[in-house]
Every structure is written in C-alpha cells, then in structure tokens.
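Here's the structure, in structure tokens; my notes come after.
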Amino acid sequence: MKCVVTGSNVKVLGKAVHSLSRIGDELYLEPLDDGLSLRTVNSSRSAYACFLFAPLFFQQYQPSTPGQDLLRCKILMKSFLSIFRSLAMLEKTVEKCCISLNDRSSCLVVQLHCKYGVRKTHNLSFQDCESLQAVFNLASCPHVLRAPARILGEAVLPFPPALAEVTLGIGRGRRVILRSYQEEEAESTSKAMVTEMSIGEEDFQQLQAPEGMGITFCLKEFRGLLSFAESANLPVSIHFDAPGRPAIFSIEDSLLDGHFVLATLLELDPPTQDLSSSKHHQPMPQLQSHSTPYQDNFANDDIDSYMIAMETTVGSEGSRALPSVSLMPGPHSEEEDNEAEPSPVPGTPPPKKFRSLFFGSILAPTHSPQGPSPVLAEDSDGEG
Amino acid sequence: MPLLTQHVRDENRQYCLVASLDNVRNFSTVLKAIHFQEHATCFATKNGIKVTVENAKCVQANAFIQAEVFQEFRVEEESVIFRINLTILLDCLSIFGSNPMPGTFTALRMCYQGHGQPLMLFLEEGGVVTVCKINTQEPVGTLDFDFCSTNVISKIILQSEGLREAFSELDMTSEILQMTISPDRPYFRLSTFGNAGSSHLDYPKDCDLMESFHCNHTQVNRYKLSLLKPSTKALVLSCKVSIRTDNRGFLSLQYMIKNEDGQISFVDYYCCPDEDIPESES
C-alpha cells in the first residue's frame, strides 16, 4: 500500500487521527479499493469509529502492490498520533505525507516532507490484524437528525469537560434538547449542576424523530467527531433508534466519510422526563440465544454476551457482507485474537448500562486461522 | 536606576564582585537555559560571568553572560568562583514574578564579598526593594571536555527554528538520539529508536535553515536522550545553534540567545557519546 497526501489534506488526516484517538488505543489501518480506512474501537467496545478516505483524497493511492493481497495492520494510536500531534505544525510546515505499508519492511512507514526540504521518516512497528468492523445499519435506525457541525459544536461547548454523558432528545415544540446526564447515585449526594441546551427545529437540516424520543451517549467521543466535522465544515447526521441501541454519527463528503457508532444508555424512562427514577433494568438472559438475531440481543445488559464475533471467513468473496453473528462466544472466537476476549480491559469504566457493539471480522486469506496474531516486532530481550 | 545608592557606595569596597543591570530578565533567562540541575558553579572574570551545570559526568552546560550585558560590572580579583543553588537563585531573581507587566523591569544589583560569604541580591521594581542573601558553597571542580576546535570533524550551524520542533517531538521512549552527519545523503540525520518504531529526521545540506555545513567524513554518534533533552530549554530561547562533533564523538551544542535589549549571550552544552560505533572510528 502506498498513498500520498498533500497540502491541506494532511491536516484533515491529522484531524481525523486526533478524533479517533479520543476513542481507542489502537488504530486499524486498512487499505481498501474504495479508499484508506482508519478505524478504532474503545476498550470496553462501546464506541467504534471509522474514517474512509476516498482515493481522490490522495494525490496518489495504491491500495496494494500488483500481485499482492491487501495488507492491513494495527498500530498503537499513541505512536501514530504523535506524528500528527501538532496540527499547527502540519499546516505550517508539512507539504506532503506519504504512508506506505509493505510485506518486506515489517513496518508502516510514514514520511512527512516538510518545509526547507526537511524530511521526517517514522517507521512504526505494527501487528497483523483482522478487519475491524462494527455491525451497524443506518437503514435500521428510524430516527435521524442532521445539523451543521457548528450548531452541535456550539451546543456541547457549555458542558463541563468532565461530563461523561449527554442526553440528546426531542423536547416540546420539536426543539432538540441536549442535557448533561446525571448518574442516579450522584444525584443524592451532590447538588450537581444540570446543563441543558435547546436548539430550534429550524437549525436542523433534517429532524425525523418523535417528540419525547431521546438517547444518552458519551460526550467525549461525540466531541471528537464534532471537532473534526467543524474543521471540515460538514453536517453531522445522527441516526438512532430506541435507547440502548447504538447511535450512528456520520459525516460525509465526496472525499471522505466518517462513522462513529456509540452505545447509548438503556433508560427505561423517557429521557426527557425527570431522571430521578430509580427503576432498574432487568437483564433478560433468556434472550441470549444463539438463534436470536443480533438486534434483539441489544435488550440484554450483559456485556460479555456482546463480545462476540470474530467470524472467520477464508477468502474475500462474500466476506464483505455483515456477518449475521450467532451469540456463541465459543472457543473459536477467543483463539483468533485477543480482541475477542470477552472481558473488558480493567481500568476502563465499563459502563454498566452501555452495551458493546458487535464486530464481525474478516480473516485475511494469508492469515492462519489458528493461533494468535504474529508479533512482528523483534524480540527485545536479547542476551547482549 | 540607582539602587540603594548610598548604602551601596559605602560597601562597594568590600565586594570582590559587583554587577548590576536594569532588566533582570537579561540575566535570568540565560540561567534558565541551563537549569536542569540544582547546583551550579559561577566563575566571574572581567569579561563576564560563566555559570556551569553538570550531570552524570557526561554532560555540561555553560551560560556566558558578557560584562556588556550589565550596566555595572566589576571584578576586583583575577577571578571569582563560587557554587550556588541555581533553583534558589532563579527563584530570587523572579521574586517580583516571572511574567512582569509589559514595560516594567526589575533591576538587579548583585554583590559578593568573597569566599564563605553569601551572594547578595538587591532587586527593585516600582520602588520596592527586596534583599536576598543566598549562601554560597565550596566550588567543586568542573569537567574539562577538552573539546578542541582543531579536532572538530563536522560543524553545522542551523536556525534554531528548524531544530526546535524536532526536539520537542523526540520520541522519549528511545534511550538514545543518534546523530548522523555525512558529506553525502542524508547529510544531517537525527534518529530515535523507541517502543513504537524508529524515526529519522533528515535535513538537507543547503536549505534556508542551514547556515553552514562542514563535514569531511561520515560520523554516526549516539547520545543519551535523557542527557540531551534538557538542552531543549536553551534551544527554545535561542535563535541559532551550532552543532559540532569532534574525532572522539563528543558533541558540542552552542546556542546563541538574544536578550530583550538585542544583546547576545551564549549557552553551550557538551555531551559524551553513549558508545562507540565501529564504523565511525577514523
């Protein structure tokens, strides 16, 4: 794979990396025929983001060397981000950015051609990986909001930086309400401040949701998408369904598209009502049947049951289709990749009521279906 | 502006070092450029003051503040030498705040009576005078890097701007910084080898950043990144930097720092190479 980004698009790429870095610790880079895809998922698997840069975005785009299979890789977000850390520098000094990935050198090479002929070459070690794909379907979401990023960006600006979740709903008079979400326990102990922003219907390019409908999701990831969309001056579409079902935030123009899939909080009360209810959600383990389509399983609260889904399909034909996954976290899913491990990473807030998203996986034909992913970095524990 | 003129006149005789300047930042800024260790050794001669800081017997930083920077500068002996806690000295110099209001200056008068005596600082801003006495310490010998210009293999002068960003972005998970200077490509290359992979930064020989480039044969040297990183402080303040390496692989970095009055001070860093690379031996 080889691609060349020039001019202001370098900053666009950098911005995308910044917003992805708000979500996950690992970046999945996958050159596809219809563009370069950058994806990530957070450690509790409740948020997934992907950007697809169309071939036209690049000055040169070559997804694979002729006669070779498409390569894909997984790298540390931190190391990729550090290349694009300073956006001001990208804008001021970087003229061209070349990204290349090939079999021979076991690294992803990112080369920045800067002003004065200075050239920065980063050789990032990577891991082979399977394709990362959240299972979501825009068409299955009955509710849609679309507004310029600036409107939404200004609406989330007043929320305190530490606020974790925000509720987005349709209030009376078809006004769109954004309200800081308070955890039930916190309410009794502290006199927390609730911030609420209300946006008129006229600011929306599309508003297709009934009054009283609302969803609660993480603000951090949303801010990440908004900051990208604002800089690109693009409208943001929010596709959502009932609370507890994933919401899809997307942006699109001719050169790129981005989708952020965020889990929403399962709230049995309509979110536009008072949040003080202590009603608890009852898990329904009987729904965890492998014959149930995945949509229905979102009614279940048990995160483990959602951690499925490394589907192993050898060969590329037909594998692009979203796998309709049965909920059997059987042994085969664990041995493919650590990613399939059903336990959330410790230290990350496992949102009790957030549900993880589903990921299908498409195994590369060259990849051995057994055994862990090979580590391509050299063993550093030498004798000398 | 005169500082405690009367008082000072009486005592002037006893002091072996008297230095005063109207804007203390012309002095403190340069000291900040070498502030990576607690203690510093000060040498004063009639040409000015040299402040030296060392770490791990491998790196040495010197700040030179020329006599011309001071409005009054007198050294009664051939040379005056003492060791002082640099952190405390800098705290005292910025006792009126490190970011004063624009247009206001803190004036400084600095006096030293001699061995065993404290360093006296009289700082004045807006009619308020602070007197600080900092105990001095027995001077200890400083390293002689024996960096001689006749042994210099390569010498590069760069606009600091070009190096500043590079140093701020260095991959600190790398233990070393590898410096390649060569008469052919890549000319001047800085490399790090960190957890995430390696990074190389190449400068062309003839660009606007590169003021001069002299190199007769290729040299590859490695330096401990943790020892070089503190030089970023000087780099940030400087307008130009000269990079020299000698036949032993020793590195000399000289920073030219312009103060607020347009006068020039120098800060230099010497650093030992981390290890010998066989190819680089001549």
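If you're wondering where the values come from, they're calculated on a predicted model, not measured in any experiment. In the text below, chain A, chain B and the rest are named by the order of the sequence lines, each starting its count at 1.
If you take CE on B/Met210 and OH on A/Tyr116, they are separated by 12.5 Å, rounding to the nearest 0.5 Å. Separation of atoms CD1 (A/Ile83) and CD (B/Glu169) is listed at 9.5 Å; rounding is to 0.5 Å. Separation of atoms OG1 (B/Thr173) and NZ (A/Lys78) is listed at 8.0 Å; rounding is to 0.5 Å.
Residues A/Val118 and B/Leu209 meet the side-chain proximity criterion, which asks for heavy atoms closer than 4.5 Å.
A 6.0 Å sphere centred on CG of B/Asp91 holds more than 12 heavy atoms belonging to other residues, nucleotides or ligands. In B/Glu175, the CD atom is not crowded: 12 or fewer heavy atoms of neighbouring residues, nucleotides or ligands sit closer than 6.0 Å. Within 6.0 Å of NZ on B/Lys258 lie no more than 12 heavy atoms contributed by other residues, nucleotides or ligands. With a 6.0 Å radius and a threshold of 12 heavy atoms from other residues, nucleotides or ligands, B/Asp261 has its CG atom above the threshold. More than 12 non-hydrogen atoms from other residues, nucleotides or ligands lie less than 6.0 angstrom from NZ of B/Lys233. The environment of B/Lys229 atom NZ is dense: over 12 non-hydrogen atoms of other residues, nucleotides or ligands sit within 6.0 angstrom.
Panel note: side chain A/Thr121, backbone B/Ser199; no donor-acceptor pair is recorded below 3.5 Å.
For A/Arg119, the parts sitting under 4.5 Å from any heavy atom of chain B are the backbone and the side chain alike. Heavy-atom distances place no part of B/Asp171 under 4.5 Å from chain A, backbone and side chain included. Only the side chain of B/Glu161 comes within contact range of chain A, with at least one heavy atom under 4.5 Å from a heavy atom of that chain.
The choice from B/Ser168, B/Ala166, B/Gly194, B/Ser198 that makes the most heavy-atom pairs within less than 4.5 Å of chain A is B/Ser198.
Taking 4.0 Å as the cut-off between side-chain N and carboxylate O, B/Glu165 and A/Lys120 count as a salt-bridged pair.
In terms of heavy-atom proximity, A/Ser79 sits nearest to B/Ala196 at CB-CB, 3.1 Å.
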